[in-house]
Amino acid sequence: MEANSGASDRISRIAGHLRPQREDDVCLKRSDCRAKGGVSGFKVAILGAAGGIGQPLAMLMKMNPLVSLLHLYDVVNTPGVTSDISHMDTGAVVRGFLGQQQLEDALIGMDLVIIPAGVPRKPGMTRDDLFNINAGIVKTLCEAIAKCCPKAIVNVISNPVNSTVPIAAEVFKRAGTYDPKRLLGVTMLDVVRANTFVAEVLGVDPRDVDVPVVGGHAGITILPLLSQIKPPCSFTPKEIEYLTGRIQNGGTEVVEAKAGAGSATLSMAYAAVKFADACLHALRGDAGIIECAYVASQVTELPFFASKVRLGRVGVEEILPLGPLNDYERESLEKAKKELAASIEKGISFIRK
Ligand SMILES: NC(=O)c1ccc[n+]([C@@H]2O[C@H](COP(=O)([O-])OP(=O)(O)OC[C@H]3O[C@@H](n4cnc5c(N)ncnc54)[C@H](O)[C@@H]3O)[C@@H](O)[C@H]2O)c1
Ligand SMILES: O=C(O)C[C@H](O)C(=O)O
C-alpha cells in the first residue's frame, strides 16, 4: 500500500512537471524534474539546436556515451526537438532552452559548446554573404559563453568560419576570458569530404584514408594536402585538379543540389559529432588525438589558420607544422592566405569598430 502510494506520488510528480502550464514553460519544468544527469560524463550545449544541422547533431550527441547532459538552445522550436530527442533510451539527459532569456541557463556549467546557429547559404551566395547576419548571432552567443562558461571548449560551425572564429576570439578578449586553446573553428567537413572523394578516386574505403585539409573554410582557402595523404599515394595532375576543386566546392555542390533549401546539414552533423567526440575524448585525457581545426595559430603569419592540432585536456595542446608542401600546394597556400587575411580582418574589425 505504502509502496503503491509512493509510486503514484512519483508518477504524479513527473506528470505534473511534464505537463506544460504554458507552451514556453515546457523546458523549465522539465529541468526542475530532471535535476541530475543519469550517467557521469560531459555537459554539452548546442546553440542553434533546432536547425538543419542542430537537430541531427543533437540526436547524435544524445547517442554519445561521453555526454551526460545535453542542453539544446535555439530561438525557435526547442521544446519540440527536446521532447522528441529526450525519449531516446541513451544515457544523456536532455534539456531545452528557448529564446534569449534562457540562453544563460543553457550555458551554465557546460564543458563543450557547439555553435551551429545562423543562416545558411542559398545558390549564388558565398559564405561571406552570411557575415552580416551571422556575425551578430555569434557575437551575442559568445558574450553569454564568456559570462556563463568561460572555461568551456567552443566549437564554431556558423559561417563564415574564417571570420566568425576571429569574432569569437575578440568577444572573449573583451570579456577577459580568451583562451586560444579552447576556441576551435570546425573544418572537419572538409576533411570528411576529402577522405570521401579521394577514396572514390582510389577505389578504397574512405575510413582507410586520411587527408589533411589546412587553411580555412571557404573556396580557395580550403587547401587539401594531397601530397601528405595516408596511406601515401600519388595522383596525376588531372586527379589533383579534380580532387582539389571538388573538395573546395563541396559546400557549393550541396547548396546547389538543395536548390534554395539550405546547405549541408546531415554530413555536417556527422562531421561536427566526429569533431566534438574527439574534443571530449581529449578532455577525458585520451592521448594522441589529432584533428584538423581552424584555430589561433603561428603556423603562418596569419593569426588564425586551419591545420592539424593535437587535442588534450585543455583543448588545443599543440599545433602541428604544415609539413613538406609540393610546388602546387605552396602556390595554392599563397592564394589562400590572401583571402583568409581579409576574412580574418573583417571579423576582428566587426568587434573592434
Ligand atoms: N563549418 C561548416 O563546415 C559548416 C557546414 C555546414 C553549415 N555551416 C553553417 O552552419 C550554420 C547553420 O546551418 P543550418 O543549415 O543548420 O541552418 P538552419 O537555418 O537550418 O539552422 C540554424 C538555426 O540557428 C537558429 N538561430 C538563429 N539565430 C539564433 C540565435 N541568435 N541563437 C540561437 N540560434 C539561432 C535558427 O533558429 C535555426 O534553428 C550556417 O551558418 C551554415 O552556413 C557550417
Ligand atoms: O557551403 C556552405 O555554405 C555550408 C558549409 O560551409 C559547407 O561546407 O557545406
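The residues of the chain are indexed from 1 along the displayed sequence. Because the structure is a prediction, the values reported are computed rather than measured. Ligands are counted one by one from 1 in listed order, and the atoms in each one are counted from 1 as well.
Listed by number with element, the atoms of ligand 2 under 4.0 Å from a non-hydrogen atom of Ser263 are 2 (C), 3 (O), 4 (C). Of all the atoms in ligand 2, the ones that sit under 4.0 Å from a non-hydrogen atom of Arg121 are 1 (O), 2 (C), 3 (O). Near Ala50, the atoms of ligand 1 lying under 4.0 angstrom from a non-hydrogen atom of the residue are 39 (O). For ligand 1, the atoms closer than 4.0 angstrom to any heavy atom of Val76 are 37 (O). Per-residue contacts place Gly251 under 4.0 angstrom from the following atoms of ligand 2 (heavy atoms of the residue considered): 1 (O), 7 (C), 8 (O), 9 (O). Near Tyr73, meaning under 4.0 Å from one of its heavy atoms, ligand 1 places the atoms 32 (N), 33 (C). In summary, the atoms of ligand 2 found under 4.0 Å from a heavy atom of Ala264, numbered by their order in the structure, are 9 (O). Counting the atoms of ligand 1 from 1 in the order shown, those under 4.0 Å from a heavy atom of Leu130 are 43 (O). Atom numbering of ligand 1 starts at 1 in the shown order; those under 4.0 Å from a heavy atom of Asn134 are 41 (O). Close approach of ligand 1 to Gly52 is summarised as follows: ligand atoms under 4.0 Å from at least one heavy atom of the residue are 16 (O), 18 (P), 20 (O), 21 (O).
Under 4.0 Å from ligand 1, the heavy atoms of His217 that appear belong solely to its side chain. With a 4.0 Å cut-off on non-hydrogen atoms, Leu189 touches ligand 2 through its side chain and not its backbone. Under 4.0 angstrom from ligand 1, the non-hydrogen atoms of Ile157 come from both its backbone and its side chain. Of all the heavy atoms of Pro116, the ones lying under 4.0 Å from any atom of ligand 1 belong exclusively to the backbone. Residue Thr140 does not touch ligand 1, judged by heavy-atom distances below 4.0 Å. Using a 4.0 Å cut-off between heavy atoms, Asn159 contacts ligand 1 through both its backbone and its side chain. Of all the heavy atoms of Val119, the ones lying under 4.0 Å from any atom of ligand 1 belong exclusively to the backbone.
The single protein non-hydrogen atom nearest to atom 6 (O) of ligand 2 is His217 NE2, 2.5 Å, given as residue, atom name and distance. In this structure, atom 6 (C) of ligand 1 lies nearest to the protein heavy atom Ala264 O, 3.3 Å. With respect to atom 39 (O) of ligand 1, the closest heavy atom belonging to the protein is Asp74 OD2, 2.7 Å. Of the protein's non-hydrogen atoms, the one nearest atom 21 (O) of ligand 1 is Gly51 CA, 3.2 Å. Closest to atom 10 (O) of ligand 1, if we only count protein heavy atoms, is Ile53 CD1, 3.4 Å. What sits closest to atom 24 (O) of ligand 1 on the protein, heavy atoms only, is Gly118 N, 3.3 Å. Scanning the protein for heavy atoms near atom 35 (C) of ligand 1, the closest one is Ala117 CB, 3.6 Å. Summary of contacts: the protein heavy atom closest to atom 5 (C) of ligand 1 is Met268 SD, 3.1 Å. Among all protein heavy atoms, the one lying closest to atom 15 (O) of ligand 1 is Thr265 CG2, 3.4 Å.
In terms of polar-atom proximity, Pro120 is not counted as a contact of ligand 1, lacking any N or O under 3.5 Å from an N or O of the ligand. Any N or O atom pair closer than 3.5 Å counts here, and Arg127 shares at least one such pair with ligand 2. Where the criterion is an N or O separation shorter than 3.5 Å, residue side chain and backbone included, Arg193 meets it with respect to ligand 2. Considering both main-chain and side-chain atoms, Ser158 never comes within under 3.5 Å of ligand 1 through any nitrogen or oxygen pair.
Residue contacts with ligand 2 do not include Met268, since none of its heavy atoms lies under 4.0 Å from the ligand. Contact analysis leaves Leu47 out of contact with ligand 1, as no non-hydrogen atom separation drops below 4.0 angstrom. Assignment of Val254 to the shell around ligand 2 is not supported, since no heavy atom sits closer than 4.0 Å.
Looking only at distances, a side-chain donor or acceptor of Thr236 sits under 3.5 Å from a matching main-chain atom of Glu239. A donor-acceptor pair is defined here as one N or O able to donate and one able to accept, closer than 3.5 Å; no such pair exists between the side chain of Ser227 and the backbone of Leu325. Checking side-chain atoms of Ser343 against main-chain N and O of Asn162 turns up no donor-acceptor pair under 3.5 Å. No donor-acceptor pair under 3.5 Å is formed between the side chain of Asn249 and the backbone N or O of Thr252. A side-chain donor-acceptor contact under 3.5 Å links Thr78 to the backbone of Phe97. Panel note: side chain Lys62, backbone Leu70; no donor-acceptor pair is recorded below 3.5 Å. In this structure, Glu291 contributes its side chain and Lys308 its backbone to no donor-acceptor pair below 3.5 Å. Between the side chain of Asn155 and the backbone N or O of Phe275 there is no donor-acceptor pair closer than 3.5 Å.
For Tyr294 and His217, the gap between ring centers reaches or exceeds 6.0 Å. In summary, the aromatic rings of Phe131 and Phe350 are positioned with their centroids under 6.0 Å apart.
Evaluated for a side-chain contact (heavy atoms from CB on, under 4.5 Å) with Leu183, the options Ile145, Ile153, Val156 yield exactly one hit, Val156. Each of Ile115, Ile46, Leu141 was scored for a side-chain contact (heavy atoms from CB on, under 4.5 Å) with Tyr73, with one residue passing: Leu141.
Under the 4.0 Å criterion applied to side-chain N and carboxylate O atoms, Glu170 and Arg352 are assigned as salt-bridge partners.
Counting only non-hydrogen atoms, the option in Ile137, Val161, Ile46 that gets closest to atom 30 (C) of ligand 1 is Ile137.
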Stepwise, does the side-chain contact (heavy atoms from CB on, under 4.5 Å) test hold for Tyr270 with Leu57?
CA-CA 7 Å; Tyr270 166 80; Leu57 172 57; over 6 Å; no
In sequence, state the C-alpha distance, the side-chain angles, and the governing distance for Leu243 and Leu226, and then conclude on side-chain contact (heavy atoms from CB on, under 4.5 Å).
CA-CA 9 Å; Leu243 282 168; Leu226 296 170; 3.9 Å; yes
Working for salt bridge (charged side-chain N to carboxylate O under 4.0 Å, His left out), residues Lys274 and Asp277
CA-CA 5 Å; Lys274 211 173 170 190; Asp277 188 57; over 6 Å; no
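In plain terms, the two heavy atoms of Glu241 and Tyr328 that are nearest each other are CA-OH, 4.5 Å.
Looking at heavy atoms from C-beta onward, Ile344 lies out of side-chain contact with Ser163 at the 4.5 angstrom threshold.
Distance check, rounded to the nearest 0.5 Å: CG of Leu189 to OG1 of Thr196 gives 9.0 Å.
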